[in-house]
Amino acid sequence: MTSPATAPATGTGAGEPPPHPAWLPPEAFRAIGARRVLVHGDGPLVDTVHDEVARACARHGGRVQRTVAGPVDLVLALRDSGPLPEAVPPAATAAPGPDGGSPGDEGFLLTRSDGVTVVLADAPAGLLYGLFHLVRLGEAAFTGEQPTRVHRPVLRRRMLDHWDNVAVHPVMGQVERGYAGGSIFWRDGRPRGDRDRLRAYGRLLASMGINAISVNNVNVGPTEALLLTDRLDDVAEIADLLRPYGVRVHLSVTFAAPVVLGGLSTADPLDDGVRDWWESTTRRVYARIPDFGGYVVKADSEGQPGPFSYGRDHADGANLLAGALAPHGGVVHWRAFVYDHRRDWRDRTTDRARAAYDHFAPLDGRFAENVVLQVKFGPVDFQPREPVSPVIAAMPATRLAVELQVTQEYTGQQWHACYLAPWWHEVLAFRLWGPAERSVADVLADVLADVLADVPGPGPHRGGELVAVANVGDDPFWCGHPLAQANLYAFGRLAWDPRLDPVALLDEWIDLTFPASTVGDPALVRETLHAVLDDSWRTYERYTAPLGVGFMVNPAGHYGPGVDGYEYSRWGTYHFADRDGVGVDRTCATGTGFAGQYPPPWSQVYESLEQCPDELLLFFHHVPYSHVLHSGSTVIQHIYDTHFAGVEEVVAMRDRWSRLAGMIDPAVHDRVTERLAEQLRCATEWRDQVNTYFFRKSGVPDARGRRIH
Ligand code: GCV
């Protein structure tokens with residue numbers, strides 16, 4: 001990509017200073033570490049809880065014990081580890097309140113009475129999540145009497161996918177779409193070997209509730225393919241390091257593995273020899289990694305092999321792998337990102353946005369129980385604005401994972417401050433069958449099926465999960481941009497409960513990352529971080545592609561503007577701007593028919609020029625520049641206004657940030673300052689190229705007479 005020339009050096013491996021603590025600085029543990037704590041229970045995850053508390057107590061003056069000896073302020077206890085210690089007040093074990101129910105295998109009960117705060121869990125992971133919940137609460141966990149509350153994750157699996165390559169890819173490098181240095185797992189074909197960094201990562205994952213990761217790119221090259229067989233030990237080592245944090249490891253595999261690894265002449269999913277190969281290979285994986293999570297597969301997509309080569313469909317393909325994993329409790333994440341990436345741009349009859357629905361909707365009901373169909377949140381490709389994918393509404397009999405992109409491929413590549421949680425919140429809150437019906441979050445929330453029984457909308461659904469492409473690397477700040485840590489944190493928390501509020505999540509992240517006792521003026525720090533981040537996704541949207549049209553990025557890496565960069569390419573992402581107008585006609589009446597893939601009312605809303613929301617207008621319609629938006633502005637004037645406004649907003653972000661000099665860690669301040677300077681340069685370039693392009697196409701001057709080149 002056109003990476004900014006000022007890219008700072010990033011960490012290079014074992015033996016380096018520890019990375020930035022992100023949202024788990026020692027100070028965030030003060031409230032726990034100052035208490036007398038009892039940790040009750042056994043097993044590796046309980047040991048993790050104990051070690052966390054012990055470290056905090058060593059630093060902040062408290063003490064931790066595993067059997068009762070004297071009074072305690074905090075009990076973290078597994079209920080099935082024999083009789084509860086007497087330190088647990090009787091009220092704490094009474095039936096939970098109205099939001100009750102059992103905590104299950106990942107939840108916990110939290111209560112406080114008689115001056116003792118109690119976390120009770122039925123399984124070790126619940127205790128670990130309970131501990132980090134206390135960290136978030138801080139002193140508030142130790143005040144007053146608190147009635148018993150049950151906390152459980154809404155989604156069962158909460159997963160991050162790493163697009164990390166084991167061997168450096170000649171074009172994509174060590175991490176495909178990675179903007180934070182090298183991989184934390186791999187370097188130059190070998191394991192990176194920084195065990196401390198992986199433990200620190202496991203800790204961050206557990207603290208936000210992530211319980212699954214995949215450790216290699218979905219584009220599986222020859223070296224990466226070997227992780228399934230000859231190099232399984234490398235995967236096992238990662239699994240060993242992350243297990244104490246309740247994180248299960250998954251592997252991206254190539255559908256052609258029976259051929260490229262097994263020496264078979266075919267990978268046909270209906271061939272007996274192929275099935276035997278997957279079964280025996282998978283048995284060996286579980287013999288080595290008993291809690292292995294499963295496979296992630298990108299098939300028949302962007303050059304990856306798949307069942308189409310054998311005249312089979314994607315249910316045949318996914319069920320083959322699911323069958324091999326089922327006896328061991330594993331799952332296959334089968335990606336719905338299937339489209340023709342060798343299109344002729346002259347052909348106006350086909351539409352990339354249609355592809356996932358066309359391929360997968362007819363297969364609903366045919367996928368095995370342990371197949372999770374992983375669907376990108378939008379129909380095209382992680383743009384800053386797209387409609388929600390219609391596939392999510394079309395497959396009630398299929399378990400779904402909605403895939404988000406935390407790595408900022410199309411949202412400023414961690415050079416731009418762009419807090420994405422408000423965007424994800426819009427996606428998750430989108431009501432698939434209309435304003436009174438179920439949202440995307442509802443569809444995914446199978447553990448709440450009982451609660452949702454009286455929520456209107458088609459169903460029942462099989463439920464699902466949230467998955468995202470990770471944004472971390474071996475950068476000292478994990479994410480390149482220190483403020484991009486907020487995206488990682490917010491994703492994890494939304495995966496725990498997709499209904500959480502993005503502004504509240506930002507507050508949580510601020511409280512943990514910038515504890516009040518460690519910064520100059522806590523109120524100013526909070527206010528500034530909100531001023532910089534709250535609206536930053538919309539700011540990014542304003543200075544880049546307008547009104548949902550998408551893909552005006554530089555094709556050489558997707559950073560910075562390239563208005564016609566994809567216009568005459570094979571990738572199927574066009575805006576069709578000419579002298580009269582711009583946008584893609586995806587209506588049923590005169591266009592590609594994509595609007596018809598939605599259930600009503602959205603099919604009618606998107607079909608209708610009058611009803612289509614402004615922010616998606618050019619995704620669904622080709623309109624003249626003089627078309628008047630709901631906002632009252634014309635399309636051309638909207639383009640000019642938003643691009644000028646977007647740059648002004650970045651100037652304001654930069655100025656606000658400068659006031660924090662001397663108030664926070666100077667290394668963080670400097671890094672963000674540097675990145676905001678680059679963001680301003682790049683936003684200005686976006687503004688000038690987009691405005692100039694449309695001025696030259698349309699010949700319409702800016703009504704406010706500002707400078708357009
Ligand atoms: C891993 C986009 C990205 C690719 C990525 C692909 C995917 O096309 O640009 O780098 O490949 O999505 O999600 O599989």
Side-chain angles (χ1 to χ4, degrees), residues 348 351 353 378 380 383-387 410 423 426 535-553 560-567 573-592 594-595 602 604-652 682-709:
R348 298 287 288 261
D351 179 5
V380 181
Q383 295 303 290
R385 180 70 74 172
E386 290 185 47
Y410 296 103
W423 177 209
E426 272 194 27
D535 207 33
S536 54
W537 156 60
R538 286 178 194 280
T539 294
Y540 186 85
E541 184 186 25
R542 285 182 193 110
Y543 62 74
T544 56
L547 297 166
V549 77
F551 266 98
M552 290 187 171
V553 287
V563 183
D564 274 342
Y566 276 97
E567 203 53 17
T573 48
Y574 315 117
H575 55 70
F576 301 122
D578 58 23
R579 67 178 186 176
D580 299 317
V582 57
V584 190
D585 184 354
R586 291 191 162 108
T587 63
C588 297
T590 52
T592 69
F594 169 72
W602 298 114
Q604 291 115 350
V605 169
Y606 294 145
E607 178 80 12
S608 153
L609 190 53
E610 290 70 40
Q611 292 179 50
C612 185
D614 284 354
E615 68 270 14
L616 288 172
L617 182 73
L618 302 184
F619 194 94
F620 284 101
H621 297 272
H622 185 91
V623 297
Y625 294 114
S626 57
H627 176 84
V628 179
L629 299 167
H630 296 121
S631 68
S633 183
T634 60
V635 165
I636 191 71
Q637 194 57 42
H638 173 95
I639 292 173
Y640 298 149
D641 288 347
T642 50
H643 284 76
F644 282 114
V647 173
E648 281 162 24
E649 285 157 23
V650 179
V651 171
C682 187
T684 306
E685 196 61 33
W686 269 103
R687 176 196 69 191
D688 292 344
Q689 287 203 23
V690 171
N691 281 351
T692 301
Y693 177 94
F694 283 104
F695 173 62
R696 289 182 185 172
K697 282 267 172 193
S698 70
V700 180
D702 172 32
R704 294 174 57 195
R706 290 161 294 195
R707 180 142 195 245
I708 295 180
H709 301 269

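This chain uses plain numbering: 1 for the first residue, then up along the sequence. FYI, side chains are in, hydrogens and waters are out, and symmetry mates aren't considered; it's all heavy atoms of this structure.
- For the pair Arg385 and Trp423, the cation-pi criterion (under 6.0 Å, within 45° of the ring axis) is fulfilled.
- The line from CG of Asn691 to CH2 of Trp686 is 12.0 Å long, rounded to the nearest 0.5 Å.
- With a 6.0 Å cutoff to the six-membered ring centre and a 45° limit on the axis angle, Arg348 counts as a cation-pi contact of Phe576.
- Taking each heavy atom of Val650 and Ala683 in turn, the nearest pair found is CG2-CB, 4.2 Å.
- Considering only heavy atoms from C-beta on, Asp564 comes within 4.5 Å of His575 through its side chain.
- With values rounded to the nearest 0.5 angstrom, Arg586 atom CZ is found 4.0 Å from Asp351 atom CG.
- Using a 4.5 Å cut-off on side-chain heavy atoms (C-beta onward), Arg704 and Asp641 make contact.
- Contact annotation: the side chain of Tyr410 never approaches that of Glu386 to less than 4.5 Å [non-hydrogen atoms, C-beta and beyond].
- Annotation: the span from Ile639 atom CD1 to Tyr625 atom OH amounts to 6.5 Å, rounded to 0.5 Å.
- Counting heavy atoms from C-beta on, the side chains of Phe594 and Pro387 come closer than 4.5 Å.
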So Tyr693 and Ile708, side chain to side chain contact (heavy atoms under 4.5 Å, CB included) or not? Walk me through it.
CA-CA 9 Å; Tyr693 177 94; Ile708 295 180; over 6 Å; no
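- Distance CZ/Arg707 to OG1/Thr692: 9.0 Å, rounded to 0.5 Å.
- Closest approach of Cys588 to Ala595, counting heavy atoms only: SG-C, 4.4 Å.
- Side-chain contact between His627 and Thr634: absent, with no pair of heavy atoms (C-beta onward) separated by less than 4.5 Å.
- Salt bridge status for Glu615 with Arg538: absent, with no side-chain N to carboxylate O gap under 4.0 Å.
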Tell me, with the steps shown, if Gln637 and Asp702 meet side chain to side chain contact (heavy atoms under 4.5 Å, CB included).
CA-CA 7 Å; Gln637 194 57 42; Asp702 172 32; 2.7 Å; yes
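- Contact between Gly583 and Val549 at its shortest, heavy atoms only, is CA-CG2, 4.4 Å.
- Ring-plane geometry between Phe620 and Tyr606 is classed as parallel, the angle between the planes falling under 30 degrees on a 0 to 90 degree scale with a further cut at 60.
- Note: His621 NE2 to Leu609 CG = 5.5 Å, rounded to the nearest 0.5 Å.
- A distance of 5.0 Å separates CZ in Phe644 from CZ in Arg706, rounded to the nearest 0.5 Å.
- Across every non-hydrogen atom of Cys682 and Gly560, the tightest pair is SG-CA, 3.9 Å.
- Between His630 and Leu617 the shortest side-chain heavy-atom distance does not fall below 4.5 Å.
- Residues Asp535 and Arg542 form a side-chain contact, since some pair of their non-hydrogen atoms from C-beta on lies under 4.5 Å apart.
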Just do the side chain to side chain contact (heavy atoms under 4.5 Å, CB included) check on Thr544 and Met552 with the steps written out, would you?
CA-CA 8 Å; Thr544 56; Met552 290 187 171; over 6 Å; no
